[in-house]
Number of protein chains: 2
Amino acid sequence: MNTSIAITNRSLHDQVVSRVRDLIIEGILEPGSRIDESTLIEELGVSRTPFREALRTLAAEGLVIVKPSRGSVVRKWTRSDVFSMLEVLGHLEQLAGELACARASDQEINELVALHEDMLGYYKANDRMPYYKLNQEFHSRLTALSKNATLQEMQRNIQARLKRIRYIGNEKPDAWAGAVQDHEAMIVALKAKDGKKLGEAMAQHIRNTWDRVKDSL
Amino acid sequence: MNTSIAITNRSLHDQVVSRVRDLIIEGILEPGSRIDESTLIEELGVSRTPFREALRTLAAEGLVIVKPSRGSVVRKWTRSDVFSMLEVLGHLEQLAGELACARASDQEINELVALHEDMLGYYKANDRMPYYKLNQEFHSRLTALSKNATLQEMQRNIQARLKRIRYIGNEKPDAWAGAVQDHEAMIVALKAKDGKKLGEAMAQHIRNTWDRVKDSL
DNA sequence: CTTCTGTATTTTGTATACAAGTATAAAAGA
DNA sequence: TCTTTTATACTTGTATACAAAATACAGAAG
């Protein structure tokens, strides 16, 4: 009956996790830097117990490394780490694309096309931030069309690890143009429900991402 | 100088995580059942703080679900969950196979062939348990030959989720024979360093796994 | 001046106490 | 008899106190 009450129903744990995750993604907590418990718990206004539990989930997600008896650090990705993530992500999204063509409804496809057109608008207006946000959603939603929960989970996890790096790598304007072109190809294939072509376009998009990103590592 | 001392250097956290994980995989903690903190901490001889931290990492790994204010349960997989895991695992191992052919040394390939032959020995002796253990290692090691850390991590995670189910599904003897044949095909392709063929063989192996397992869900 | 060693300080790890929320069951009302 | 209410026990969530380990530092020996 009352639908508005449930919104604040996130546990403290989840809140701490996502706040610390944001600090990492935004680069406020720098890769490789030590995470000072006492400072952060004061800033977040929580006590050590829930904070340390949050660190454990972030560690399992791969964003943080807990060194026994000597604290935690923000995980720092090597060049080869990032390459390996993109290699896997490319294949996962390729699979997602193929499955999406087989399993998504016309309605769902149209919604994604609409999202793509919104992104085009931001691109033309040179409005980087909302484009970036919608881009994340584009990939998540396309993956969701695969109707494969495990695939979505793995994609989300790698996406989270790459978020910070991607944000840095997309600074150059010509890189942006290339990314938009890739998306265009993906949308064409999706409309035609050509799974092989969509899969290949998505894999190509990820390979291009590596080219865009690799020099900043 | 002293190499033997480091072995016991696992943190309490890691110990609790792997002990509870084992309890889940072995089915002592049944899927869907509530995890009673007070009982388990007594059994494990640890206090609530480290135990709850362990639950958080197990939750992030996907083996446990923490329901806010009402405890934790062992995650229970639906039929479609398992299908989606195998769908993803199939593609990941396909990729692993292709990369292994491109990146593994002759030495590494020979080691894996040797492992395969050990498995054949256990199969012929009808010795199920050691075969099962080596099978896990076979897939892990083959994936490791891809030299892709992210791929290994994702494979390990899905493998852990499936472990319990796989163990149940492999009860039938004719299923076992099929699995051995699949491995034979993989080894042939690996020796020839035929990436496409190895990838296809691994994907096929996973599809066969689904056929073996699906009826017990 | 460097290196080693012992002590002090800081930080992390674990246990426990207290608070808050949830489920259970008995009692009151319909 | 069935529903609703309310009291109680139990479980979980959070804070804090204590223990243990690591780090930093100062002084002594080489």
Side-chain angles (χ1 to χ4, degrees), chain A residues 1-2 4-21 23-24 28-61 63-76, chain B residues 1-2 4-21 23-24 28-61 63-76:
Chain A
M1 220 153 263
N2 191 333
S4 65
I5 209 166
I7 286 171
T8 38
N9 246 0
R10 277 171 75 214
S11 67
L12 179 57
H13 174 79
D14 292 351
Q15 289 177 46
V16 175
V17 168
S18 68
R19 287 189 66 185
V20 177
R21 194 193 285 124
L23 291 177
I24 293 171
I28 296 168
L29 293 173
E30 283 177 43
S33 71
R34 225 166 127 304
I35 295 175
D36 185 28
E37 266 185 34
S38 46
T39 311
L40 260 178
I41 63 172
E42 192 153 345
E43 223 152 280
L44 298 175
V46 295
S47 84
R48 288 181 67 207
T49 312
F51 179 77
R52 301 188 88 247
E53 286 184 17
L55 281 184
R56 291 300 185 184
T57 89
L58 289 166
E61 286 179 11
L63 295 176
V64 156
I65 290 181
V66 177
K67 301 179 181 175
S69 298
R70 58 187 69 176
S72 312
V73 295
V74 178
R75 188 151 167 198
K76 189 176 188 173
Chain B
M1 221 150 263
N2 192 333
S4 65
I5 208 165
I7 287 173
T8 39
N9 246 0
R10 278 171 74 213
S11 67
L12 180 57
H13 174 79
D14 292 351
Q15 288 177 47
V16 175
V17 168
S18 69
R19 288 189 65 183
V20 176
R21 194 191 286 124
L23 291 176
I24 293 172
I28 295 168
L29 293 174
E30 282 177 44
S33 72
R34 220 163 131 294
I35 294 175
D36 185 27
E37 267 184 33
S38 44
T39 311
L40 261 177
I41 62 171
E42 192 153 345
E43 224 151 282
L44 298 176
V46 295
S47 83
R48 289 181 65 208
T49 311
F51 180 77
R52 301 188 88 247
E53 287 185 18
L55 281 184
R56 292 300 186 184
T57 88
L58 288 166
E61 286 179 10
L63 295 175
V64 155
I65 290 181
V66 178
K67 300 178 180 175
S69 298
R70 59 188 68 176
S72 312
V73 295
V74 178
R75 190 151 167 198
K76 189 177 186 173

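Labels below follow one simple rule: chain letters A, B, ... track the order of the sequence lines, proteins then strands, and each chain is numbered from 1.
Here the side chain of A/Arg34 is nearest to one of C/dT11, C/dT22, D/dA15, namely C/dT11. Here D/dT12 is the nucleotide among C/dT14, D/dT12, D/dA15 with the atom lying nearest to any side-chain atom of B/Arg48.
Regarding A/Glu37, its CD atom lies at a distance of 14 Å from the C1' atom of D/dT16, rounded to whole Å. In this structure, CD of B/Glu42 is placed 15 Å from C1' of C/dA15, rounded to the nearest angstrom. B/His13 places its NE2 atom 16 Å from the P atom of C/dT12, with the value rounded to the nearest Å. Between B/Leu12 atom CG and D/dA20 atom P there is a gap of 14 Å when expressed in whole angstrom units. One atom, CD1 of A/Ile41, and another, P of D/dA17, lie 13 Å apart when rounded to the nearest Å. Protein atom NZ of B/Lys67 is 13 Å distant from nucleotide atom P of C/dT22, rounded to whole Å. Distance B/Phe51 CZ to D/dT12 P: 9 Å, rounded to the nearest Å. Following rounding to the nearest Å, B/Leu44 (CG) and C/dA15 (C1') show an atom-to-atom distance of 16 Å.
Both B/Asp36 and B/Thr49 sit near DNA chain D, but only B/Asp36 has its closest nucleotide nearer the 5' end.
Of all the heavy atoms in B/His13 and B/Glu53, the pair that sits closest is CE1-O, 3.6 Å. The two residues A/Lys76 and A/Gly32 come nearest to each other via the heavy atoms CB-N, 3.9 Å.
You won't find any donor-acceptor pair under 3.5 Å spanning the side chain of A/Ser69 and the base of D/dA22, going by distance alone.
A/Glu30 places none of its side-chain heavy atoms less than 4.5 Å from the side chain of A/Val74.
Between B/Ser47 and C/dT14 there is no side-chain N or O to OP1 or OP2 distance below 4.0 Å. Phosphate contact (OP1/OP2 of C/dA20, side-chain N/O of B/Arg70, threshold under 4.0 Å): absent.
Checking side-chain atoms of A/Gln15 against main-chain N and O of A/Arg10 turns up a donor-acceptor pair under 3.5 Å.
A side-chain contact (heavy atoms from CB on, under 4.5 Å) with A/Val73 holds for exactly one of A/Val64, A/Ile35, A/Ile65, A/Leu29; it is A/Ile65.
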